[in-house]
2 protein chains.
Amino acid sequence: MLSKRAKYAIKTILFLNEYQDNKPISAKTISSEERIPYKFLENILRDLKSNQIVKSIRGAEGGYVLAKKPSEISVAQIMRIIDGPIALIPCVSEKFYEPCLECEDEETCRIRKLFAMVRTEMVHILDKSITDLAGL
Amino acid sequence: MLSKRAKYAIKTILFLNEYQDNKPISAKTISSEERIPYKFLENILRDLKSNQIVKSIRGAEGGYVLAKKPSEISVAQIMRIIDGPIALIPCVSEKFYEPCLECEDEETCRIRKLFAMVRTEMVHILDKSITDLAGL
DNA sequence: TATTAACCTATAAAAACGATAGGGTAATTA
DNA sequence: TAATTACCCTATCGTTTTTATAGGTTAATA
């Protein structure tokens with residue numbers, strides 16, 4: 001399951017993309033509009049910022065802005081930043097690969113083959129950009 | 001991520017399918033062969049039994065047997081029994097549907113549409129049977 | 001200089017996860 | 001029928017993860 005953090009993060013990015021016209025949007029606004037606990041949201045925005053998904057402007061009239069074009073931000077990127085791997089088992093993860101401790105031979109493991117297929121299909125869909133999402 | 005419980009459960013079913021020739025296989029054997037903590041395994045087998053995936057034979061020479069043909073057991077079934085929904089968000093789950101509390105309109109929610117696509121593809125692959133798995 | 005809003009660290013409550021403990025019950029075999 | 005094997009059942013426990021909350025600091029603006 002997707003964590004609430006990740007869901008909040010995706011909603012935040014979608015909100016920024018939709019309602020931003022030059023001016024930054026404050027965490028307070030996002031919090032009340034998207035019903036995300038304020039302090040929890042600040043925490044999430046920090047991660048998104050440190051990963052160059054959003055930029056921040058401090059002080060009065062400050063807030064957050066997308067750090068790149070919406071066509072260059074994918075849901076998969078956001079999920080990886082917040083929740084880590086997309087794959088269901090670590091031994092088939094592209095970005096967070098780890099061997100399974102008990103596994104004897106990765107090459108012949110049927111569970112691995114099945115979940116590699118699952119990962120491929122998941123990533124295929126989740127790699128859609130924020131712009132693509134609007135067209136669904 | 002798949003829980004260890006679910007991974008152990010899938011391994012157990014694969015083991016039963018592969019090494020069973022009429023005789024039941026004991027939890028002890030599965031535990032040592034698949035390196036699954038014994039008491040933890042008993043617990044998992046209980047769930048698999050109550051969901052008619054395996055049958056048990058008590059007493060000496062007892063053990064576990066698949067409760068149906070391997071072609072009728074899917075990885076998705078096992079995952080649902082052990083971990084619950086396959087979908088990444090509850091509002092697109094087929095078997096464990098729940099509305100998202102904050103969601104205003106399911107019909108127009110783009111996150112929902114995206115994750116519905118993800119679920120469809122995941123289920124498509126995970127619905128493969130234990131027999132299909134052997135052919136991978 | 002008052003206000004707004006981002007930034008930062010720490011802590012806490014709750015749930016989930018992975019496992020263990022300790023006994024009870026049924027069937028087989030010697 | 002006694003011993004053994006192996007399933008059955010409930011409870012508990014320690015750790016990690018998740019979901020926040022608290023309380024203050026720093027920067028920009030009006």
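Just so it is clear: chains get the letters A, B, ... in the order the sequence lines come, proteins before strands, and each one is counted from 1.
Between the side chain of A/R80 and the main chain of A/K95, no donor-acceptor pair closer than 3.5 Å is present. In terms of modelled atom types and a separation under 3.5 Å, the side chain of B/N51 and the main chain of B/I53 share no donor-acceptor contact. Within the 3.5 Å criterion, the main-chain N or O of B/E72 finds a donor-acceptor partner in the side chain of B/Q77. Checking side-chain atoms of A/S31 against main-chain N and O of A/P37 turns up no donor-acceptor pair under 3.5 Å. Judged by distance alone, the side chain of B/D83 and the main-chain N or O of B/S3 form a donor-acceptor pair under 3.5 Å. A donor-acceptor pair is defined here as one N or O able to donate and one able to accept, closer than 3.5 Å; no such pair exists between the side chain of B/E94 and the backbone of B/V92.
B/L88 places a side-chain heavy atom less than 4.5 Å from the side chain of A/M79.
Within the structure, every pair that satisfies the salt bridge (Lys or Arg N to Asp or Glu O under 4.0 Å) test and touches residues 7-21 of chain B, not counting sequence neighbours, is listed here: A/E102-B/K7, A/E102-B/K11, A/R110-B/E18. Within the structure, side-chain hydrogen bond (donor to acceptor under 3.5 Å, both in side chains) contacts touching residues 56-71 of chain B (residues at least two apart or in different chains) are B/K49-B/S56.
Contact check of residues 39-67 of chain A against DNA chain D (heavy atom, cut-off under 4.0 Å) returns A/K39, A/F40, A/R58, A/G59, A/A60. Of the residues in residues 73-89 of chain B, none has a non-hydrogen atom less than 4.0 angstrom from any atom of DNA chain C. Contacts between residues 5-18 of chain A and DNA chain D, defined by a heavy-atom separation under 4.0 Å, are made by A/R5, A/Y8.
Heavy atoms from other residues, nucleotides or ligands lying under 6.0 Å from OH of B/Y19 number 12 at most. Counting heavy atoms of neighbouring residues, nucleotides and ligands inside a 6.0 Å radius, atom NZ of B/K23 does not exceed 12 of them.
Along DNA chain C, the stretch of nucleotides lying under 4.0 Å from any heavy atom of chain B spans, 5' to 3', C/dG18 to C/dT29.
In the model, A/R5 has a side-chain atom that pairs as donor or acceptor with a side-chain atom of A/N43 under 3.5 Å.
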